[in-house]
Peer 1: 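This structure is in structure tokens; I'll ask about it shortly.
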Amino acid sequence: MVNNFSRNSEHERDEVPNTYGFFVSPNELEMEESVKASVARRREQKWLEMFARWPAFIASRFDKVKARCRKGIPPSVRGQAWYHLSAAKFRHENADRNCPTGNVFNMYLTQTPASHVLEDIRKDLARSFPDHEMFRDDGCGQQSLFDVLKAYAVHDPDVGYCQAQAPIAAILLMHLPPEQAFWVFVQINEEYVKGYFSDGLMAVKEDALATEILIQKVTSKGYRLLKKLDVDPILYTLDWYMTLFSRTYRAPQLFRIWDMFFCEGVKVLFRLALVIVCETLEVGPTDTVSKAHKCDNAMDLVALIKQTAKNLPFETLLIKMDKLSLSDINLAQACGQARQQLSSDLNPMNNRNKNASRSQANKHK
């Protein structure tokens, strides 16, 4: 009888790395789409020309940059594009210029965050993309991942380390050297999804509630079902938003989402979430919508929403994201409404806690 370990070993030997470094079966490798070399070179050249005149492009031709990001950044220049789009390049150079040692990242590596933070990081190294050649077993990427996460924990000790940060940093390392990856990681944490990894997860809760508010506007039928089953939006958005969909999609689809994310910001996450929910609850495949409305509890519906995210044709998602009417004003209003609602929900709780504390104090007088 062949044991599981033997079967797993044989399975791993059969796998081969694809274009993006992920181990796949030979059949999956054959199914991968390829771009003609001449087309790839032409697109690469356009991005290299933009890098050479980056401030001018961002200032006066941003629509062109956005269009090229939506089309998909060529893999050969993707890392540098993210480094530029996130303004990590500017921040990196400015920080090093003002650093006594001349290199902030290396300076952070000489310092040590809290011991429990290092322990938590080490536990997650082997869990981060074990199907990628950089991170499988003791791949070269594990030390780089440790360095980036440790450096950030030193950089922002209030946040330290959160498990959802590991896959984000790992994906950056698939495209960039550790130092540049670190600075893009800083920008993600502090400019794109600020507060997502702080204690209490209030920023994520706010965006989850804002998503529900926007769902009410784009699919009233879907919204009624969610409320009927008392589905808390955090149940389906938490993993999506905190990992930037890295546990939902694989390369190259995930990288396409990140191309848009670095250009257009957090609005891309909202657009994608709204399309997925709409497809599941109202306008998607008939069998999916029918199954959704037959659900009689929140967890079954949440599981269906998450599964639909993985099953929908990716090009369909992109087309519907582009067509979805979601302005910056709509998003800002929804976030403001969510913030106000969460604040009002917290105040009675805080008052109850204060009263309980006073009552406890009076007992001891």
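All figures in this text were calculated on a predicted structure; none of them were measured in a lab.
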Peer 1: Charged N to carboxylate O below 4.0 Å: is that the case for K306 and D239?
Peer 2: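 Salt bridge: no.
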
Peer 1: Walk me through it: do R97 and N94 pass the test side chain to side chain donor-acceptor pair (under 3.5 Å)?
Peer 2: CA-CA 5 Å; R97 195 178 301 117; N94 195 51; 3.1 Å; yes

Peer 1: Indicate yes or no for a side-chain donor-acceptor contact from Y241 to the backbone of K205 under 3.5 Å, with no hydrogens or angles considered.
Peer 2: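 No; judged by distance alone, with no hydrogens or angles, the pair does not exist.
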
Peer 1: Is there a donor in the side chain of D147 and an acceptor in the side chain of S144, or the other way round, less than 3.5 Å apart?
Peer 2: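 No donor-acceptor contact under 3.5 Å links the two side chains.
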
Peer 1: Just by distance, do the side chain of D232 and the backbone of L235 share a donor-acceptor pair under 3.5 Å?
Peer 2: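 It does not hold such a pair.
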
Peer 1: Once the angle between the rings of W82 and W258 is folded into 0 to 90°, is it parallel (under 30°), tilted (30 to 60°) or perpendicular (over 60°)?
Peer 2: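 Answer is tilted, since the angle falls between 30° and 60°.
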
Peer 1: Does NZ or CZ of R256 lie under 6.0 Å from the centre of the six-membered ring of F314, at an angle within 45° of the ring axis?
Peer 2: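 Pair R256/F314 does not count as cation-pi.
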
Peer 1: Keeping S343 on the side-chain end and R339 on the backbone end, is there a donor-acceptor pair under 3.5 Å?
Peer 2: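 No; judged by distance alone, with no hydrogens or angles, the pair does not exist.
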
Peer 1: If only atom types and distance count, is the side chain of H132 paired as donor or acceptor with the main-chain N or O of Y20 below 3.5 Å?
Peer 2: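 Pair found, side chain donor or acceptor close to backbone of Y20.
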
Peer 1: Which residue is it: W54, F57, W183? I am looking for the one with a ring pair (Phe, Tyr, Trp, His ring centres under 6.0 Å) to H84.
Peer 2: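 Result: among W54, F57, W183, W54 is the only option passing the ring pair (Phe, Tyr, Trp, His ring centres under 6.0 Å) with H84.
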
Peer 1: Please round to the nearest 0.5 Å and tell me the distance separating atom CD of Q333 and atom OG of S327.
Peer 2: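 The distance works out to 7.0 Å.
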
Peer 1: Would you say that M260 contacts L272 through its side chain, given a criterion of any heavy-atom pair below 4.5 Å between the two side chains?
Peer 2: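 Answer no - side chains too far apart.
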
Peer 1: Take the angle between the ring planes of F105 and F182 and call it parallel below 30°, perpendicular above 60°, tilted in between.
Peer 2: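 The arrangement is tilted - the two ring planes meet at 30° to 60°.
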
